[in-house]
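This structure is a prediction, so every number in the text was calculated from the model and none was measured. Only this structure's heavy atoms are used, side chains among them; waters, hydrogens and symmetry mates stay out.
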Amino acid sequence: MTGAKDPLLNVENLRVEIDFNGAWVPLVDDVSFSVKPGETLGLVGESGSGKSVSAMSLMGFMGRQRGQRLSGTAAFQGKDLLRLNDRELESMRGNEIAMVFQEPMTSLDPAFKVGHQIAAGIRVHQHVTAAQAKEMAIEAMDKVRIPSARVRADSYPHEFSGGMRQRVLIAMAIANNPSMLIADEPTTALDVSVQAQILALLTEMKEDLGLAMIFITHNMGVVADICDRLAVMYAGQIVEEGDVFETFAAPQHPYTDRLLAAMPSIASRRGSLEWIPGSPPKPTDFPAGCRFAPRCRHRLDSCEQPTTLLEISPGRSNRCLRGNTWMEENES
Amino acid sequence: MTPTGISVSPALQEPKKLPAPAKRRVPLSGLLRSVGTRILRSLLLFVAVTITVFGLSALIPGDPAVSLAGEGATPEAIAAIRTQLGLGKPWYEQYFSWTNGVLHGDLGTSFFYHTPVSDLVMSRLPVTLSLALFAIIAAVVFGILAGLLSATRRGRLADKITTVISTVGIATPNFWVGMILLILFSLNWHIFPAVGYTPITKNAGSWFMHLVLPAIALAAAAGAELQRQTRSSVSEILSQDYIRTARAQGLTRRKVLWQRALKNGAPPLATVVGFQTAVLLGGSVVVEKVFSLPGVGTLAIDSVTLKDLPILQAVVLLNACFVIIINFATDLIYTVLNPKVRI
């Protein structure tokens, strides 16, 4: 673990809003986290919790269009990602920060050979000839263990399986040796056995290339496999952040606690699956106080107050207004 | 506890050395076969067209020879027509001798001009082909550019204006567009010549000037149709995941639009271009008449007035052949553009 290094990415007070019938509605709000070089941060939460929105706004895909706005800062290598102009964004994307998406089946262009698609991303950032770019693309395909890469570079995406397509997308992402990779649910759409292969590949890539990674998932099991730290998101906010082992051992926020309890595990097989009653609020109805309070079994009247993410020990933060005093109630 | 929904077992760490997947690239013979099928289909269509065109003579009421010769014709004239049409023989013999002539480039002799029909048509063909080519190029260039403009500015003012123009373009008949252009640009402002034609071999500049207005009149509907098709397919493509992937690689908006979106949108566009070219050839008949261009269309209209059946047959046959060829080419282009349809 790289403990003392300065963070590679430092996000502070990220807020992304959309224009909803004339009113600004926050999708993501008060989001702060940092990622150190070579570190993997898991961004965990249910659908709609704002984890993808956060990542997309760092890449310039959210918050910049009409009817959207963003505020906060995202310091990355001396720049603020949220304030890059179009040209700066384009030279950053795929070069310093690369992204792998959820849907390998639709994320590759059906009309171009995969080798060409990888090479296209190389030629944007490096001054190489088409032939050199093709060679580098084949190398990248080799690195992500696509069998007979040289031949497969001339195949079209529909000639690949889902797992192989995700490998192609990973090859695309690492082709320019980025310092950071954002993986947005890269295994969610894949078969379980293939999921494990892709996770293993990502682990290998980040170790070999010293990649820092933001790994977005709703699957706590995947977090345990691949992440060093995790940030749990609920209703557009981070509710808890910390080291993976410490957080799994003793979750500080009731939502994290419920999320971990809801995870099926053979080791702790109970009578029935745990679940959280109710559903997360829509951005238009975010409560003024603790956003999880309406579903929280430890709720008190004082939970109506606005919340802040507080550091409770070095590297660990919690948004629960009750701190960890709710824990005693858990056993009863 | 070890909270792992998924554990990476050592066996899975290493992706199995799978046998290289069988290349699913289409073998050349497959491509040849599909081309062969299409050629065969086109030939059958051609046979059907010849039967229909030949059958035109049967549509003339009464004794075709008498009605074709017109009022006050001499018995010699009627007899000549009778001989030329081979009216004494059974219909299938007539058909085969006519088809045989057609295949050897003999389309009969004009009743009115008394010259071989093939010569008449061939002398008019460059006019019509110039006009059609001019019009289709204009339609493709302006239609696709306007479509891209709309697609990238969807819902904004530029899109709305373009869409209104193209809706008007589709709804307006080409002869009316032609007449308006003629009144404005020729009669009022004297920018372009009103009527007539100069062969490109004589004076390219004059050729161009004579074709601008008729080409615009002819291209309006096709261009509008292409604008709509481009707008809808490109804006759909731009919302696809793979466009986001390309943007995430750092490709510029412009590169993504001109390389990725256009190639993905090309197959449906090629279909529309093919179809519109066929429609445009039909429309050229009227537009040629409006601008008094001495093309095949004018020849066709005149031959109807003059009841010159061989000319009419030749023009219909020619147009049908063009349509067959265009459809064949469209199919072929579609196959080449879309890697997934290579069956």
Side-chain angles (χ1 to χ4, degrees), chain A residues 59 61 86-87 90-95 98-99 101 103 106-112 117 120-121 124-125 145 147-148 151-152 154-161 163 167 169 172-173 175-176 187 192-193 195-197 199-201 203-204 219-222 224-225 248 260 263-265 267-268, chain B residues 1-26 153-156 233 236-256 258-268 336-342:
Chain A
M59 290 294 279
F61 288 130
D86 280 4
R87 179 173 289 183
E90 277 153 5
S91 84
M92 175 275 290
R93 286 181 185 149
N95 192 23
M99 191 154 182
F101 297 97
E103 282 294 338
T106 55
S107 291
L108 285 169
D109 193 323
F112 293 85
Q117 293 186 50
V124 175
H125 302 294
R145 306 246 186 77
S148 37
V151 182
R152 298 296 269 156
D154 286 327
S155 299
Y156 285 94
H158 69 271
E159 300 171 86
F160 287 81
S161 67
R167 281 175 196 271
L169 284 156
M172 219 176 242
N176 290 308
T187 58
V192 176
S193 60
Q195 280 186 18
Q197 292 178 8
L199 283 182
L201 177 68
T203 310
E204 189 189 318
N219 188 332
M220 280 293 198
V222 173
D225 270 341
F248 272 62
L260 286 169
M263 191 173 63
S265 163
S268 60
Chain B
M1 73 181 180
T2 47
T4 44
I6 296 166
S7 63
V8 182
S9 71
L12 289 169
Q13 296 268 11
E14 199 67 22
K16 278 167 275 176
K17 288 275 182 231
L18 294 167
K23 293 270 287 166
R24 276 180 291 167
R25 186 96 51 90
V26 184
R153 286 167 184 69
R154 219 178 160 140
R156 292 199 236 168
S233 54
E236 200 219 300
I237 288 163
L238 288 179
S239 68
Q240 294 291 316
D241 288 349
Y242 56 79
I243 295 297
R244 191 181 55 187
T245 306
R247 296 282 287 146
Q249 286 180 285
L251 269 68
T252 60
R253 201 169 269 136
R254 179 177 301 178
K255 215 169 216 160
V256 164
W258 288 98
Q259 294 176 2
R260 302 301 178 83
L262 221 47
K263 184 163 183 197
N264 277 284
V336 172
L337 286 179
N338 191 341
K340 275 198 236 179
V341 225
R342 279 176 212 156

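- The line from CZ of A/R167 to CZ of A/F160 is 11.5 Å long, rounded to the nearest 0.5 Å.
- For B/A246, the side chain to side chain contact (heavy atoms under 4.5 Å, CB included) partners at least two apart in sequence or on another chain are B/Q249, B/L251, B/V256, B/R260.
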| message | Between A/E204 and A/R145, does the salt bridge (Lys or Arg N to Asp or Glu O under 4.0 Å) criterion hold? Intermediate values first, please. | response | CA-CA 11 Å; A/E204 189 189 318; A/R145 306 246 186 77; 2.9 Å; yes
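- Within residues 236-243 of chain B, the residues approaching chain A closer than 4.5 Å by heavy atoms are, in numerical order, B/D241, B/Y242.
- In terms of non-hydrogen atom pairs under 4.5 Å with chain B, the most contact-rich of A/D109, A/L169, A/T203 is A/D109.
- When each of A/G121, A/P157, A/S107 is scored by its heavy-atom pairs under 4.5 Å with chain B, the top score falls to A/S107.
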| said: As a quick check of understanding, evaluate salt bridge (Lys or Arg N to Asp or Glu O under 4.0 Å) for A/R152 and A/E159, giving each step before the final call. | reply: CA-CA 9 Å; A/R152 298 296 269 156; A/E159 300 171 86; 5.4 Å; no
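- B/T252 contributes a side-chain N or O that, together with a main-chain N or O of B/K255, makes up a donor-acceptor pair within less than 3.5 Å.
- Annotation: ring-ring contact (aromatic ring centres under 6.0 Å, His included) contacts of A/F61 (sequence neighbours excluded): none.
- A search for side chain to side chain contact (heavy atoms under 4.5 Å, CB included) contacts involving A/N95 returns A/H125, A/N176, not counting sequence neighbours.
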